[in-house]
There are 2 protein chains.
Amino acid sequence: MNFVIIGGDAAGMSAASRAKRTMADLNVVVLEKTEDVSYSACGMPYNIADADRKIEDLVVRKAQVFRDKQGIDLLTGHIVEVIDRKNRTVSGTIQYSGKSFRYAFDHLLIATGGRPKIPALPGFELPGVLALKSLDDGRKIKDYIREHCVQKVVIIGMGYIGLEMAEALRERGIKVEMAKPGPDLLPWMPRDLAQAVEQELAANAVPLHLGCEITGIEETDGQLQVVCKDRMLKANLVLVAVGIQPNSEIAVDAGIETGIGNAIAVNRNMQTSDPAVYAAGDCADAFHVVTGEKTWIPLALRANRAGWAVADNVCGKPTELDGIAGTAVFKVFDLQVARTGLCVEESRSYGFEAVEVVIKSSSRAHNHPGATPILVHLVGEKKTGRLLGAQMVGHESAAHRINAAVVALHNKMTVADFVQTDLAYAPPFGPVWDPLLTAANQLLKRL
Amino acid sequence: MNFVIIGGDAAGMSAASRAKRTMADLNVVVLEKTEDVSYSACGMPYNIADADRKIEDLVVRKAQVFRDKQGIDLLTGHIVEVIDRKNRTVSGTIQYSGKSFRYAFDHLLIATGGRPKIPALPGFELPGVLALKSLDDGRKIKDYIREHCVQKVVIIGMGYIGLEMAEALRERGIKVEMAKPGPDLLPWMPRDLAQAVEQELAANAVPLHLGCEITGIEETDGQLQVVCKDRMLKANLVLVAVGIQPNSEIAVDAGIETGIGNAIAVNRNMQTSDPAVYAAGDCADAFHVVTGEKTWIPLALRANRAGWAVADNVCGKPTELDGIAGTAVFKVFDLQVARTGLCVEESRSYGFEAVEVVIKSSSRAHNHPGATPILVHLVGEKKTGRLLGAQMVGHESAAHRINAAVVALHNKMTVADFVQTDLAYAPPFGPVWDPLLTAANQLLKRL
C-alpha cells in the first residue's frame, strides 16, 4: 500500500514516522519541495537572535535518519504540481534536474503548509524585503544581516512573528521599528493587556507606527524606505510579517474543497472532500472546540497532532480530533503573552452574549520577593455561564498558567465550575487564589 | 442574627469578611485565641529565610482593619472552651485577663485550624525543639535563631514544610540535616522524581538520614542531640515537621462528628453533623474530586474557598463545593515539585486498577537556550481510561504546568481526551508536545 505525503515538515514527517512505525510494510513516500525537513520553524526567531548559531540547529531529525533508520522514501527537491485524483497519482518536477516524476497513492496527505502573505504593493519584491516562514527564509534573513551589516530593520506587521523578530533583532543590537495600517497593537486584546505589551516594546526601544498606511517600498542609494502616507521609514532590511496563507492551490486545482481562509477543509478524521486524500498542518482547517465551527489557526501542535491522526487513519486505526481551542503563547522580550478560546469580538460574531473582565494580580504571593504583575482577561457567556476565552500578560508564568483555561474550554466548563478548581498554590508560584481564579470569581459576579 | 466564628486565620477571616460584605446588618463575631489574624502561614519559610524581614510582614490584613473598616467584632486572645449546641452559645476564657466570656450564635463556624504533630518521645518539650504552624511559631523560630546564634538545625520529617524550611535555613547559612524513620523521601512519588529532589538537596548540602529511628532528644552542654537507634545528630535547634493534626477536640466535645484523620466531617455546604454549625479550613475534611470520597488535605486555597462558601450559606445563598483534587506544589531550593490527584498507591487503595508512566521531557523547546529537564508522572485507570493523578518535578514551570492536569481531574477526563487538549506552545516555554501531553501519549499506550 502506498502512502504519499506532499510536504516534509511538522505534519508530513509526523505522519510519515508514525505510519511507518505502525505498519512496517507500508510504502511511505514524502515529496518535499525544499531541501529542509523536520525543523522547528517556531524556533527561528531565537536562532536568528544568535549570530553564532547555525540555522540548521533547528533541524529536529535529519533527512538521512528518516531514510536510513526509518525506511521512509523521503525525496527533497520534489515539487508536486498535479494531484490526479481519478488515477490516484501525483506528479511534478525535480528541482535541480528538471526531470519529472509521478507516484501512485492509495492514501495521500497534503501537508503543504503555508506561506507569508506579501502585500501587492510596489517594492515588496526588492532585495532586502524578506519574510519568515520556511527554514530557507530564516537562512536568507540571517545571511542578509551578516552580508549587509544590517543596522536597522523595519518590521511590517505586529503579530507574534513580528514581535518575536523584534526581540531577536534587538538582541543583536539592530535597531527596529514596527509599522502596521491598523490603529491597535494586538486588536484582539483588551487595551490594558495590549498596553503592557506596548510598554515592554517601548522599554526595549522599539517604536511602533500604528495607523501607518503603507504605499510601497523604495530603494535609494542602497537603502530601503518603507513609504507610508505620512512618513518614510528607512531600513537596511524590511521584514514583512503580516500573516500567512495556506498553500492550498494544488488541492483546489484537484477539485478538493477549501473553506475558511482558503484552507483545505477536513473532517475530524483529517479527510478532505475526497476520503482518500487527507490534509494536515498549516494548509488545513480545524474545528474550534468553543464554537464547534471551522477555524483556521495554523500552529505547530495541531500540525503534529493532525499528522499522527492521519497516520492512524491510514493504518486502519480510526482516529478523530476534537479540534483546537485557539491557544497561542509568545514572548515579547521579557513579557509572556498567552491566549486561548475566543476574544470578545469573536464571541459576539459567533452569537454569544459575551461578558468580560480584566483583573490585575500577582505572579507570586502577597509580599513574596520577586512578584510581578499579571493581567488576566476572561470572557464568559451570559446565557449559559460558560467560559469562552482567556488571555494573560505578565513577566512570569502567564504562558503556563493559560493551560488551565485551555483544559476548561475543552470541557466546556462554566465559570461557576472553573472557580471551584483546586489550582496549585505556594507563595513562590502565585497568590492563594490563582490569578485565573481571581478573574473567574470577578467574572462570575457579572454573569 | 449572630454569626460566630472560632478562629481568625484563612477560613475564619474569609468567612467573616464575605458574610459582612454580603449582609451589612449581620453581627459577625470572631474569637481568635492568639493575637495574630489573617496572615500567610505558607509564607513563613520564605520570611524566616530573611533575617531582616519582620514576621509581621506576613499579615495580610490587620485586626484593626477588620474591626474599624469592616465592622467585624474581632476578639483576639479569646480561647473558646465549650460549644453549647443546645443553648446555641460558645464560652471560654480571655487569655490575659482570665475573665470568662459567652456568645450566643445563630450560625457557628469552627475554623480552629490544625497544630503540628509532636511525637510522644522524651525531649521533644526541650527549649529549642520547635515546630512551625502558627505565626507565633514562626516568630519563635526566628527569635530563637537570632538569640542563640543557631548554626546547625536538624529537621525531623521530610514533608513540604521540612523541605521549605531546609531551603530557608540554608539561605541564612545555617547547616541543616534532615531525618525521618521511613526509608523513602517523598514516598508517594516514583523513585525517578524523588531522586531529582534528593539530588537538589545534596547539591545544597542537606544530608538526609532516611530510615533513622528516633528515640528522643537530649540536651548536653547547651546543645541538642537527636538520638537515633544508630546515630546521634547534634543541633542548636530541632525543627519538628512530621505533619499536622486538626484542632477538632472542641467539636468532638460538643458531639459533632469527625471522620478521616480526626478532621471535622462536613457536607458539600460545609455543614457539620449539626446543620447550624459549619467547619472550614485545616480542621475540616473535604470530598476528593477523583475518588468522590472524604479526604483530609489541609491547604490554604481550600480554607479560603470554604470560608467563602460558609459565608454564602449563612447569608442565604446556598453554595456547595465540589471538593479538592489534592493539588500541592512546593519549592525545594531551585526545584519545583507539583502533584495533583492520586498517586499509584492511593489509586490502588481506592480500588482503581492503576497504570502509570514516568517520562523525561524539557522545560523549553528542542535546542532552546536555558532548557532544563522536567519529569512527569501520570496515573490512569485501566478500566475507564480516566486520568487519576499527575506529578511533576523540574527547575522550571512544573508548578504552573500541573494546573492543566488539575482541571482535567475536575472534569474526570480520560487520558484519550486529555491528549487532545490544545496546550500552549512556543519555544521559550516548552516543546511542541507539552511534557504533560508527552506523558499522556505514553500512558495512553499502556491503558
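Chain naming here is simple, since letters A, B, ... match the order of the sequence lines and numbering starts at 1 in each.
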Legend entry - A:Q336 versus A:H400, side-chain donor and acceptor atoms under 3.5 Å: no
Inset, instruction - Flag the pair A:L135 / A:V59 as yes when at least one side-chain heavy-atom distance between them is below 4.5 Å, and no otherwise. - result: yes
Inset, instruction - Identify which part of A:R302 has an atom lying under 4.5 Å from any heavy atom of chain B, answering side chain, backbone, both or neither. - result: neither
Inset, instruction - Answer with side chain, backbone, both or neither: which region of A:A399 has an atom nearer than 4.5 Å to a non-hydrogen atom of chain B? - result: both
Inset, instruction - Check whether any side-chain heavy atom of A:T438 sits under 4.5 Å from a side-chain heavy atom of A:P431, and report yes or no. - result: no
Legend entry - Close side-chain approach of B:Y46 to A:P428, heavy-atom, < 4.5 Å: yes
Inset, instruction - Measure A:S40 against the heavy atoms of chain B and call it side chain, backbone, both or neither at under 4.5 Å. - result: side chain
Legend entry - Top contributor to chain A interface from B:Y425, B:W433, B:F330 [non-hydrogen pairs under 4.5 Å]: B:W433
Legend entry - A:V393 and A:L335: CA distance, side-chain angles, deciding distance, side-chain contact (heavy atoms from CB on, under 4.5 Å) verdict: CA-CA 7 Å; A:V393 169; A:L335 197 67; 3.6 Å; yes
Inset, instruction - Let me know if A:V337 has heavy atoms under 4.5 Å from chain B in its side chain, its backbone, both or neither. - result: neither
Inset, instruction - For residues A:P45 and A:A41, report the shortest heavy-atom separation together with the two atoms involved. - result: CD-O, 4.2 Å
Inset, instruction - Pick whichever of B:D434, B:L321, B:L437 has the most heavy-atom pairs under 4.5 Å with chain A. - result: B:L321
Inset, instruction - Would you please name every residue forming a side chain to side chain donor-acceptor pair (under 3.5 Å) with B:R364, sequence neighbours left out? - result: B:E396
Inset, instruction - Output the distance between atom CG (B:L447) and atom NZ (B:K445), rounded to the nearest 0.5 Å. - result: 12.5 Å
Inset, instruction - Using a heavy-atom cutoff of under 4.5 Å, enumerate the residues of residues 285-299 of chain B that contact chain A, numbered in order, or state 'none'. - result: none
Legend entry - For A:E171, all residues meeting salt bridge (charged side-chain N to carboxylate O under 4.0 Å, His left out), sequence neighbours excluded: none
Legend entry - Contact check, side chains of B:E200 and B:H395, non-hydrogen atoms, under 4.5 Å: yes
Legend entry - Partner chain B: residue of A:L436, A:D50, A:D57, A:V329 with the largest heavy-atom pair count (under 4.5 Å): A:V329
Inset, instruction - Name the region of A:A365, side chain, backbone, both or neither, that has any atom closer than 4.5 Å to a heavy atom of chain B. - result: neither
Legend entry - Greater than 12 external heavy atoms within 6.0 Å of B:K62's NZ: no
Legend entry - Interface moiety of A:A325 toward chain B, non-hydrogen atoms closer than 4.5 Å: both
Legend entry - Choice from A:I402, A:D417, A:L409, A:V60 maximising heavy atom contacts with chain B below 4.5 Å: A:V60
Legend entry - Interface residue of largest heavy-atom contact number with chain B, from A:A404, A:A405, A:A426, under 4.5 Å: A:A404
Inset, instruction - Name the option with the most non-hydrogen atom pairs under 4.5 Å to chain B; the candidates are A:V406, A:L301, A:L58, A:N47. - result: A:L301
Inset, instruction - For B:R170, check side chain to side chain donor-acceptor pair (under 3.5 Å) against everything at least two apart and list the hits. - result: none
Legend entry - Inter-residue atom distance A:K412.NZ - B:N411.CG, 0.5 Å rounding: 11.0 Å
Legend entry - Region of A:N441 in contact with chain B, defined by heavy-atom distances below 4.5 Å: side chain
Inset, instruction - Below 4.5 Å from any heavy atom of chain A, which atoms of B:A338 appear? Answer side chain, backbone, both or neither. - result: neither
Legend entry - Region of A:P369 in contact with chain B, defined by heavy-atom distances below 4.5 Å: side chain
Legend entry - Residue A:V407 versus chain B: region with a heavy atom under 4.5 Å: both
Inset, instruction - Flag the pair B:M13 / B:R61 as yes when at least one side-chain heavy-atom distance between them is below 4.5 Å, and no otherwise. - result: no
